[in-house]
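Quantities reported herein were computed from a predicted structural model and do not represent experimental measurements. Here is how names work: the chains are called A, B, and so on, in the same order as the sequence lines, proteins then strands, and each is numbered from 1.
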Amino acid sequence: MTYLSGPVNIQQGNTADFVVEYVNATGGYTVPATGELSVVYTDTAGNTTTDTQTLTVSNSFFIGSWDSATAALGLAIWTVTANSTTVAATGQIRVIERQAD
Amino acid sequence: MLGFDAEGRLAVGQLPFSTAAGEPIEPVVWQPSRRVSKRAVIACMVSGMVAGPLNLTFPTVDKYLIPFSEPIRLSLKKETHPSRAPFSAFVPGAVSVVEASWYAPLSEPVRLKPGLGAYLQDYQALEVPVVTPAFLIMPWFSWLSEPVRLPEGLKAWLQRDFFAPPRLLPTPTITATMAWTEVNNDQWEIVYTNDASGGGAAVSAKVSITEVDNRSAVVSLRES
C-alpha cells in the first residue's frame, strides 16, 4: 500500500492528533465497528517501537493522538485499520528537531 | 210739580228712588244752595224744621239736584265713609256714598293690554341641538382671491341618534370560535440516512494530522 500522505513533520516532543474517516468501496463514508492506529518509530534508545491504540468514535469520525516525546529523530510509520483487520490507510511522520519559538 | 219749591230746587226725597236702602239711580250731588247754606239746612234738619215738601228726617246731609246743571263730581274720603270709618257704628238706612264719573266720548279709549299669545305660551321640553350643516359653496374661481374655506363637518359629538342614546356600558368581550373537521390524515415522514452507518466495509480512509505542541497549540495541519 502506498503512503497516503507524508511525511508530515512533527517537532520532537509534540503530539500528532489523528482524525480518520473510513471510506467504503463505492467512495461513501462508512463507520466500522472499531478503528485502530499504530505508529512504528525508533525511540531515543535506538529501538524500534510500535504504539497501538483504539480510536475514539465521534459520529463517523475516529480520533486518536500519538506523542513523539520518546521518538528519535527520523521517520515513523502510522497505520489506520478498521475492525482490527482491514488496513484503511498508512502514512509517514518525520520527527524533526524542535525549533525556537 | 215734583217737589220744586219756591227756590227752584228739587227735593231729593221725591226722586224715583228710595234712599232708605239701595243705591241711587242717578248720581246725586250736593249742590250748595245759593240762597240757603248747607249749614243752615243741616241746622233745620236737626231742629226738625222742614222746607217745602222735603221731609227732613234723614239723619244725614240732604242733597238737592238742580236739573241741567253740570254735575259736580264728588269724591269723599275713604276715611269718612261710614263703612270704613273706625269706631263708627253702622247706621241702617244711611245713604252710601258712590264715586261716579262721566264717560267722555272723545277721550282716548282704554287700550286693553293683550295677553301673551297662545302661540307663545308653550315651551320646548326637549333640547334640540343645533346641527351645523355641511355645505359647499363654489363661486367663480378667482386667481388672486382668498381660497374658499370649507366649513368643518358635523362634529363627532353631534353625530349620534337621539333615539338611541350613547352606550354607557363597555363593549363586552366577544369571543368568536371557529370549528372545522378535518377529513383524512396527512402524514409525512422525513428519513435521514447516514450513509456512514453500515455503509459497507472500509477499504480506505481519509486522515487529517494536526501537530500540537506541548502547550496545546496547533502548530500545523495536514490532510490527506
Trainee: Can you list every pair that meets side-chain hydrogen bond (donor to acceptor under 3.5 Å, both in side chains) and has a residue in residues 67-77 of chain A, with sequence neighbours left out?
Mentor: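 Qualifying pairs, neighbours excluded: A/Y41-A/T70.
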Trainee: Mind listing the closest non-hydrogen atom pair of B/A202 and A/T86 along with its distance?
Mentor: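 B/A202 and A/T86 have their closest heavy atoms at O-CG2, 3.1 Å.
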Trainee: With side chains defined as the heavy atoms from C-beta onward, is the minimum distance between A/V23 and B/K206 less than 4.5 Å?
Mentor: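 A/V23 vs B/K206: side chains touch.
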Trainee: Below 4.5 Å, heavy atoms only, C-beta onward: do B/V203 and A/Y22 meet side chain to side chain?
Mentor: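 B/V203 vs A/Y22: side chains apart.
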Trainee: Could you go step by step and tell me if B/V207 and A/V80 meet the side-chain contact (heavy atoms from CB on, under 4.5 Å) rule?
Mentor: CA-CA 9 Å; B/V207 180; A/V80 176; 4.2 Å; yes
Trainee: To the nearest 0.5 Å, how far apart are CG in A/D17 and CD1 in B/I209?
Mentor: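 That separation rounds to 10.0 Å.
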Trainee: With a 4.5 angstrom heavy-atom cut-off, could you sort out which part of A/V19 is near chain B: side chain, backbone, both or neither?
Mentor: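 Both parts, backbone and side chain.
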Trainee: Nearest heavy-atom pair of B/E211 and A/N14: which atoms, and what distance?
Mentor: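 Closest approach of B/E211 to A/N14: OE2-ND2, 2.8 Å.
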Trainee: Does any backbone or side-chain atom of A/A82 lie under 4.5 Å from a heavy atom of chain B? Answer side chain, backbone, both or neither.
Mentor: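 Side chain only.
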